[in-house]
Trainee: 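The following block contains the structure, expressed as structure tokens.
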Amino acid sequence: MLTLAIKLILAHTIGDFLLQPQKWVLHKETHKHKSKFLYWHILVHLLALILVLQFNFKYWLGILIVVVSHYIIDLIKLHLKSKFNNRLLFGLDQLAHLLIIALVIKIYMPYKFNFNSLFEAKTLLLITALLCITKVSSIIMRTIISKWDLKEYTEESSLEHAGAYIGILERLFVFAFIITNHWEGVGFLIAAKSVFRFGDLSKAKDRKLTEYILIGTLLSFGLAIAFGLGYIYVLGLIKG
């Protein structure tokens with residue numbers, strides 16, 4: 001089952017990412033079902049599937065399902081593009097393709113998915129930890145730091161919500177390093193962030209911005225470490 005799954009995902013990766021030039025994407029978005037590149041794209045997927053499956057036509061039904069569904073999903077995405085957020089559509093599009101792949105695998109190699117496993121203590125603990133590291137930590141940090149007013153710095157040109165996204169990503173990395181027992185990764189991440197922040201700190205007119213950044217960084221890393229260690233401790237109690 002795993003081999004078939006890898007082959008189907010590889011074919012999807014080749015067709016959807018490796019062999020789909022930006023020129024094709026733009027043409028499809030403009031002309032939708034009338035775009036010749038939409039059909040070339042589907043043909044590439046067909047050839048990728050046949051090649052990756054080593055011309056084994058016992059999978060003909062699976063190939064047909066993947067190719068036809070890919071055309072339908074892409075067509076729906078093209079017609080919804082002007083109505084929905086592009087990032088959301090991309091995520092839903094890829095999820096739909098992966099669900100079709102899962103269906104094809106089930107046809108040839110039946111497997112059972114136990115939905116009860118989603119409610120096991122280990123799964124719920126991981127979900128709770130991830131929520132705490134992302135949303136909960138952001139709220140805690142915003143609440144603590146809100147006592148300081150640094151509009152003169154924060155209103156400078158920057159990407160919208162970039163700071164929040166950077167904080168979430170760094171906490172996820174720290175959490176991953178901790179639960180996999182790679183503490184050296186945490187040190188590397190701190191050093192890397194210090195290098196990128198050096199320009200901000202060196203240009204500060206006074207100590208305010210430097211202190212603000214240090215407090216934010218230490219809070220972010222501290223929360224990630226705390227939740228990571230808490231996750232490991234509780235997971236040990238569950239297994240024990």
Side-chain angles (χ1 to χ4, degrees), residues 1-22 24-25 27-29 32-33 35-81 83-131 133-134 169 172-173 175-177 179-180 182 231 235 238-239:
M1 183 178 76
L2 183 59
T3 301
L4 178 59
I6 293 173
K7 287 182 177 181
L8 292 176
I9 293 173
L10 174 60
H12 173 74
T13 303
I14 292 172
D16 237 22
F17 298 98
L18 186 63
L19 297 181
Q20 183 175 204
Q22 186 64 17
W24 291 17
V25 175
H27 195 276
K28 287 192 302 177
E29 290 174 355
K32 298 180 174 55
H33 63 281
S35 172
K36 62 181 179 180
F37 293 119
L38 173 61
Y39 302 95
W40 288 20
H41 176 61
I42 299 303
L43 178 60
V44 168
H45 267 282
L46 174 61
L47 296 176
L49 282 165
I50 292 173
L51 179 63
V52 171
L53 292 172
Q54 298 172 290
F55 298 90
N56 190 341
F57 291 102
K58 77 173 185 178
Y59 296 116
W60 69 268
L61 179 59
I63 293 173
L64 182 63
I65 291 173
V66 171
V67 170
V68 172
S69 66
H70 199 102
Y71 172 75
I72 294 172
I73 292 168
D74 276 17
L75 203 56
I76 293 173
K77 178 187 175 184
L78 290 172
H79 284 281
L80 292 178
K81 189 169 181 64
K83 300 177 182 178
F84 291 90
N85 181 287
N86 187 52
R87 295 183 298 277
L88 175 62
L89 273 180
F90 174 79
L92 293 175
D93 170 71
Q94 295 302 316
L95 177 61
H97 292 315
L98 291 176
L99 288 175
I100 294 298
I101 289 175
L103 173 64
V104 170
I105 296 170
K106 189 172 180 61
I107 291 174
Y108 291 98
M109 300 177 180
Y111 59 89
K112 292 182 180 180
F113 181 79
N114 184 8
F115 284 96
N116 291 327
S117 62
L118 294 175
F119 298 94
E120 291 181 354
K122 290 188 293 185
T123 306
L124 294 176
L125 175 63
L126 179 60
I127 293 172
T128 302
L130 292 176
L131 288 174
I133 289 167
T134 53
L169 287 171
L172 286 173
F173 277 119
F175 179 76
F177 288 140
I179 66 175
T180 56
H182 287 90
Y231 171 82
L235 185 62
I238 294 172
K239 289 182 178 181

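Model, not experiment: these values are computed from the prediction. Along the sequence shown, residues carry numbers from 1.
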Trainee: Show the nearest heavy-atom pair for residues Val67 and Leu49, with the distance to one decimal.
Mentor: CG2-CD1, 3.9 Å
Trainee: So which pairs with a foot in residues 54-65 pass side chain to side chain donor-acceptor pair (under 3.5 Å), sequence neighbours left out?
Mentor: Lys7-Gln54
Trainee: Would you say Lys28's side chain and Leu78's backbone share a donor-acceptor pair under 3.5 angstrom?
Mentor: no
Trainee: May I ask you to check whether over 12 heavy atoms, not counting those of Phe119, lie within 6.0 Å of atom CZ?
Mentor: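 No, CZ of Phe119 has 12 or fewer neighbouring heavy atoms, counting only those of other groups under 6.0 Å.
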Trainee: Are side-chain heavy atoms of Leu47 and Leu43 found at a separation under 4.5 Å?
Mentor: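 Leu47 vs Leu43: side chains touch.
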Trainee: Near Trp40 CH2, under 6.0 Å, is it more than 12 heavy atoms from other residues, nucleotides or ligands?
Mentor: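 For Trp40, atom CH2 is not crowded (no more than 12 foreign heavy atoms under 6.0 Å).
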Trainee: Looking at every heavy atom in both Ile73 and Asp93, which two are closest together, and how far apart are they?
Mentor: CG2-OD1, 3.2 Å
Trainee: Please check if the number of heavy atoms outside Lys122 that lie under 6.0 Å from its NZ is greater than 12.
Mentor: no
Trainee: Evaluate the criterion side chain to side chain donor-acceptor pair (under 3.5 Å) for residue pair His97 and His12; output intermediate values, then yes/no.
Mentor: CA-CA 8 Å; His97 292 315; His12 173 74; 4.9 Å; no
Trainee: So with a 6.0 Å cut-off around CZ of Phe37, is the heavy-atom count from everything else above 12?
Mentor: yes
Trainee: Kindly write out the residues that satisfy side-chain hydrogen bond (donor to acceptor under 3.5 Å, both in side chains) with Ser69, not counting sequence neighbours, or none if the list is empty.
Mentor: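 Listed in chain order: nothing, the list is empty.
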Trainee: Would you please name every residue forming a side-chain hydrogen bond (donor to acceptor under 3.5 Å, both in side chains) with His182, sequence neighbours left out?
Mentor: Thr180
Trainee: List the atom of Trp24, the atom of Leu19, and the distance in Å for their closest heavy-atom pair.
Mentor: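 Minimum heavy-atom contact is CZ3-O, 3.8 Å.
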Trainee: Do Leu51 and Ile14 make a side-chain contact, defined as non-hydrogen atoms from C-beta onward lying under 4.5 Å apart?
Mentor: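 Result no, sub-4.5 Å side-chain heavy-atom pair not found.
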Trainee: Looking only at non-hydrogen atoms, find the nearest pair between Leu38 and Lys32 and report the distance.
Mentor: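 For Leu38 versus Lys32, the nearest heavy atoms are CD2-O, 4.0 Å.
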Trainee: Hey, mind stepping through Ile63 and Val104 against side chain to side chain contact (heavy atoms under 4.5 Å, CB included) and telling me if it holds?
Mentor: CA-CA 8 Å; Ile63 293 173; Val104 170; over 6 Å; no
Trainee: For Ala129, what residues pass the side chain to side chain contact (heavy atoms under 4.5 Å, CB included) criterion, not counting sequence neighbours?
Mentor: Phe175, Tyr231
Trainee: With sequence neighbours excluded, tell me which residues meet side chain to side chain contact (heavy atoms under 4.5 Å, CB included) with Val25.
Mentor: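 Per chain and number, Val25 pairs via side chain to side chain contact (heavy atoms under 4.5 Å, CB included) with Gln20, Gln22, Glu29.
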Trainee: Return the set of residues passing side-chain hydrogen bond (donor to acceptor under 3.5 Å, both in side chains) with Tyr108 (not counting sequence neighbours), or none when no residue passes.
Mentor: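 None.
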Trainee: For Gly15 and Val44, which heavy atoms make the closest approach, and how far apart are they?
Mentor: CA-CG1, 4.0 Å
Trainee: Heavy atoms, side chains only, cut-off 4.5 Å: are Ile101 and Ile105 in contact?
Mentor: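 A side-chain contact under 4.5 Å exists here.
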Trainee: Please determine whether side chain to side chain contact (heavy atoms under 4.5 Å, CB included) holds for the pair Asp16 and Gln94, giving the CA-CA distance in whole Å, both sets of side-chain angles, and the decisive distance to 0.1 Å.
Mentor: CA-CA 9 Å; Asp16 237 22; Gln94 295 302 316; 3.0 Å; yes
Trainee: Over all heavy atoms of both residues, which pair between His33 and Leu75 is shortest? Give the atoms and the distance, please.
Mentor: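 Closest approach of His33 to Leu75, heavy atoms only: CB-CD1, 3.5 Å.
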Trainee: Leu172 versus Leu130: any side-chain heavy-atom pair under 4.5 Å?
Mentor: yes
Trainee: Quick one: which of Ile6, Leu8, Leu2 gives a side chain to side chain contact (heavy atoms under 4.5 Å, CB included) with Leu4?
Mentor: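 Among the candidates, only Leu8 passes.
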